[in-house]
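Take a look at the structure set out below.
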Number of protein chains: 2
Amino acid sequence: MPDVVGPRNTPTDQSPRKKGWRKAEIIDMAALCFMERGYHATSVDEVADRLGCTKGRIYHYYASKIDLFFDVHREGMKKLFEAIEPAMKTTGDGLTVLHAMLMAHAKAMLEHHTFENVVAQGVQIHRFDATTEDQRQTMKLLIDSRDRFEGFFKDQIAAAIADKTLRDMDVSVTAKVLLGALQWSIFWYRARPDETVAEREELARKMVEPLIDGLRRN
Amino acid sequence: MPDVVGPRNTPTDQSPRKKGWRKAEIIDMAALCFMERGYHATSVDEVADRLGCTKGRIYHYYASKIDLFFDVHREGMKKLFEAIEPAMKTTGDGLTVLHAMLMAHAKAMLEHHTFENVVAQGVQIHRFDATTEDQRQTMKLLIDSRDRFEGFFKDQIAAAIADKTLRDMDVSVTAKVLLGALQWSIFWYRARPDETVAEREELARKMVEPLIDGLRRN
DNA sequence: GTCTATATGGTGATAGAC
DNA sequence: GTCTATCACCATATAGAC
């Protein structure tokens, strides 16, 4: 990975050698547009314009706008799962593993904020937008994957309470609060073009630290 | 306040005796629709339908859909400011006041989640949606009010660091993390029709406690 | 595989009757 | 103050040329 990352953070691989790069290119641009203006306010024409083509190309790869949205959402979830996987495999007491997971998640939210912004929009895109049975099925799978992701954190919180490295607290509410604290960054964080990986890691640390240690001194 | 609150949480006063109740009725329904489907996906026709009237009525009170959105947003911010005001006036060390502010904010986010969901949408509704100069001016004021609100928390965090009741931490990032932790509830919280005020207060406590004390035992 | 042209439907907003 | 009727526009999606 290069030391300096641009505003189009970690796009899916677009190198023309790889098969599927055309689709990846569309997904990346759709993610950017959906983040900037929101799914419903973004027209397929706009995505095409910014790709320097017409919507004919997009409709060659995607049957509908919502199917394109689904691919962006799927990609966003994939990045989230991949990010916390190494942390979940580390050995250590319950809190240490949870800390590692939170750090990995914070970094992923910053690095992929374009995609994760779109994932958050998925919460209020529902049955009304998915017309075919296939689309409703896909939507259900994406919702399931979001729940599964939160489940990993709930399980780890429960484990850490069990091994007494965590205070006793409401597992479900705490998971939502912790994830929300990091995920809210979709609203305020935008990558500076010249931002280094080290700077981003430092920001993630500043985000996670108050959650682990709390606010109270002593 | 009644002990049991319905799903239409604390609507603005609609009693037909008060002047402006027609507008308030429209604002409340718009907030509900915008929350459920999002601003852009909601049609003026839909708001009117659910009010049992036609959009002729709405356009009698509002020049455009975005102006209606602005009123919902304004109302949402008003509720937030009013909620933390008493907490800000309490006496006590820096952390005690901050704790009171966070509890008040958490309760307000739950109580008014319909309106606060719309406020969050305001982040990505921008110049493109505001066409007239008047609308751009209004938008600027709403953005300013969001910043001012966050500023209250930043100031209090700084004060608490100064009086040494808080660890030394990044004021700006910590403010965003704390507020985000509570505000993310717009995505997962929906009022149960039979939910009591006491239950909601208990939920707010479960949200704020891990932030104050941190996760680490000891 | 990509383009142009177009069908089709919905949405914001207005005019004018009542 | 509210309704009906309608206009103008824009967006999704398709058909067929190249």
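Quick note on labels: first sequence line is chain A, next is B, and so on, each numbered from 1.
Between A:His113 and A:Tyr189, the ring planes are perpendicular. Angles over 60° get that label, and only those under 30° would be called parallel. Using the six-membered ring where Trp is involved, A:Trp184 and B:Trp184 have ring planes that are perpendicular, over 60° apart on the 30 and 60° scheme.
The CD1 atom of B:Ile58 sits 14 Å away from the P atom of C:dT11 (whole-angstrom rounding). Atom CD in A:Glu25 sits roughly 9 Å away from atom P in C:dT2 (whole-Å rounding). Rounded to an integer number of Å, the gap from B:Phe69 CZ to C:dA13 C1' is 19 Å. In this structure, B:His40 atom NE2 and D:dC10 atom P are separated by 14 Å, rounded to whole Å. At whole-Å resolution of the value, CD1 in B:Ile66 and C1' in C:dG12 are 12 Å apart. Distance A:Arg57 CZ to C:dA5 P: 18 Å, rounded to the nearest Å. The CG-P distance, from A:Asp45 to D:dC9, rounds to 17 Å in whole Å. To the nearest angstrom, P of D:dT14 lies 15 Å from NZ of A:Lys65.
For an aromatic pair to be called close, the ring centres must be under 6.0 Å apart, and A:His73 with A:Tyr39 fails this.
Under the 3.5 Å distance criterion, with hydrogens and angles disregarded, no donor-acceptor pair is assigned to the side chains of B:Thr132 and B:Asp134.
Nucleic acid contact for A:Ser43: sugar-phosphate only, since backbone atoms but no base atoms lie under 4.0 Å from a heavy atom of the residue. Heavy atoms of A:Thr42 sit under 4.0 angstrom from primed sugar atoms or phosphate atoms, though from no base atom.
The side chain of B:His60 sits closest to D:dT2 out of C:dT2, D:dT2, C:dT14. Proximity note for A:Tyr61 (side chain, C-beta onward) versus D:dG1, C:dG1, C:dG12: the nearest is C:dG1. Set against D:dT12, D:dA13, D:dT2, the side chain of B:Arg22 has D:dT2 as its closest nucleotide.
Taking side-chain N and O atoms only, A:Tyr59 has no distance below 4.0 Å to OP1 or OP2 of C:dG1. The side chain of A:Thr54 contributes no N or O atom lying less than 4.0 Å from OP1 or OP2 of C:dT2.
Closest-nucleotide positions on DNA chain D for A:Ala41 and A:Gly56 were compared, and the one nearer the 5' end corresponds to A:Ala41.
Between B:Glu199 and the choices B:Arg192, B:Lys107, B:Lys206, the salt bridge (Lys or Arg N to Asp or Glu O under 4.0 Å) rule is met once, by B:Arg192.
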